[in-house]
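Below is one structure, written out as structure tokens; the observations come after it.
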Amino acid sequence: MEKLRYERPIVQKMNKGLMNKFGTRTEYEPVTHIEGVPVKSMISQYGSPLFVISEKQIRRNFQSANRIFKTRYPKVQFAWSYKTNYMDAVCKVFHQEGSWAEVVSGFEYEKALRNGVPGNKIIFNGPDKSDAELLKAAQNNSLIHIDHFDELYSLIKISEDNHLKPRVAIRVNMDTGIYPKWDRFGFNYENGQAWNALTRIVNSDNLELVGLHCHIGTFMLAPWAYANAASKLCELAWSLKEKFKMTIQYIDLGGGFPSQNTLKGSYLPGSDTVPSIDQFADAITDVILGYGFKHEDLPMLILETGRALIDDAGYLLGSVLATKRLSDGRRSTIMDFGVNTLFTAFWYDHKISPAQEFGHHSEEMVLYGPLCMNIDIIRESITLPLLEKGNHVVVHKVGAYNMTQWMQFITLRPNIVMIDMDNHTHVIRKAETLDTLLENEQIPSHLEYNPLTPVASSTVETSKV
Ligand SMILES: *Cc1c(COP(=O)(O)O)cnc(C)c1O
């Protein structure tokens, strides 16, 4: 057996607030394999840090959510939220499962087209659509979700000029009972703005009103907020029917269902507090089915669920660079990934597991990233076995927003690997190199001369001090 390393004994101050009433949670079961593939072998093959995505888990998540909604409501369609994770391989798994694409920028729109999504199965959301992008979306018969009056007027003009009649919906924001209110996107329900926009669309010869959309927030823990939202969208659909004899084709309730991550500062872990998708599905479908639409008039229900379908399919593998004692005696462990790579460390207390067997001792510690920045903290306080230089860890539930919000800052972005249905690994995004960055840099010619560049065959002169 390996000799245990000596650790200087320390006296530690009791930290009030560290324990909850269930005692300190033990977060330390070793996780040596992901979908049957050894963590060690992935790190030696693809480097550390390394993002790993399980294709199996994505498909399990999708099929489960799809079944939950389809057993409760006759017409359901999911649309994959590109900004949550727009790695092409990830998007393609969702599209194979039948998901449409939900995009919020011109660049994401292009990505969806290149992934083979037909234009009429792309939902174009967001406040930033250029005239050229609106024209393209209109020509492709995409579903354009209008965010504000300026966009509405631009689209009317573009459609007139080009003799098009694009299919549109409006994004509605409303008081769902969750505060602060999300009222910066779309048209407000309570003050009549949404109805005003609808009447303008209905009275325009160049727009075809097909749907009503909302996205009421993100990491929403309250199913009843979705019930409120569904009810207000139904109310608008009902009024359109009564006043204009118009039947809306779909109601889109956006995304925002929580994943099972633990929000910073919460009392209990996410796995204990987050409602299940069944509860959201019940809340939403009870309202729509109970509203009184005739069966043939029931709107299709679109869902743009992002994080709840991908978070637990993503892992970040990393290694310990060093350990040290802080001046107050606390143990600190420095990892080779920081908030640049694990952006969601800003709002989640991610579960982190050692990736190898360990001794009996555990200790509260701070987990730092490798950046030369004080904000680079992965976990302020986590109780783990005494990790040593070269040990590996697995960070859980990192599939949402990290691979799109990560920053190239100080270090380069690592490889992303997907484990397929047969447990084979594939690189789906190569690690960046210095060349990746230099590709877009340009040097003005007057800066090309560098007096520090050694000249071949001349002797180096150094000034004597
Ligand atoms: C971000 C976003 C989503 C997905 O949100 P999640 O919290 O990942 O489920 C869906 N629709 C719109 C309009 C969005 O902006």
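Just follow the structure's listing: the first ligand is 1, and inside any ligand the first atom is 1. FYI, side chains are in, hydrogens and waters are out, and symmetry mates aren't considered; it's all heavy atoms of this structure.
- By the 3.5 Å distance cut-off applied to N or O atoms, Arg307 is counted among the residues near ligand 1.
- A salt bridge does not link Arg429 with Asp88: none of the charged nitrogens is closer than 4.0 Å to a carboxylate oxygen.
- In terms of protein heavy atoms, atom 2 (C) of ligand 1 is closest to Lys83 NZ, 2.3 Å.
- Closest heavy-atom approach to atom 7 (O) of ligand 1 among the candidates Val104, Ile216, Thr218: Thr218.
- When the options Arg171, His215, His145, His213 are ranked by their closest heavy atom to atom 3 (C) of ligand 1, first place goes to His215.
- Residue Tyr401 has at least one heavy-atom neighbour below 4.0 Å for each of these atoms of ligand 1: 1 (C), 4 (C), 5 (O), 6 (P), 7 (O), 8 (O).
- Within ligand 1, the atoms closer than 4.0 Å to a non-hydrogen atom of Gly256 are 5 (O), 6 (P), 7 (O), 9 (O), numbered from 1 in the order shown.
- The neighbour count for Lys75 NZ, taken as heavy atoms of other residues, nucleotides or ligands under 6.0 Å away, is above 12.
- Set against the non-hydrogen atoms of Gly255, the atoms of ligand 1 under 4.0 Å away are 9 (O), 10 (C), 11 (N).
- The nearest heavy-atom contact from the protein to atom 4 (C) of ligand 1 is Ser81 OG, 3.3 Å.
- Ion pairing of Glu151 with Lys129 is present here, as a side-chain N (NZ or NE/NH1/NH2) and a carboxylate O approach within less than 4.0 Å.
- Trp195 carries Lys243 over the face of its six-membered ring, with the cationic atom under 6.0 Å from the centre and within 45° of the normal.
- Ring pair Phe343/Tyr401: centre-to-centre distance not below 6.0 Å.
- A ring-centre distance under 6.0 Å is found for Phe62 and Phe78.
- Within the 4.5 Å cutoff, no side-chain heavy atoms of Asp161 are placed close to those of Ile158.
- Using a 4.0 Å cutoff on heavy atoms, Phe185 does not count as a contact of ligand 1.
- The Glu304 neighbourhood of ligand 1 comprises atoms 3 (C), 4 (C), 10 (C), 11 (N), 12 (C), 13 (C), with distances under 4.0 Å to a heavy atom of that residue.
- Polar contact check, Phe257 against ligand 1: no nitrogen or oxygen pair lies under 3.5 Å apart.
- Ring pair Tyr348/Phe219: centre-to-centre distance below 6.0 Å.
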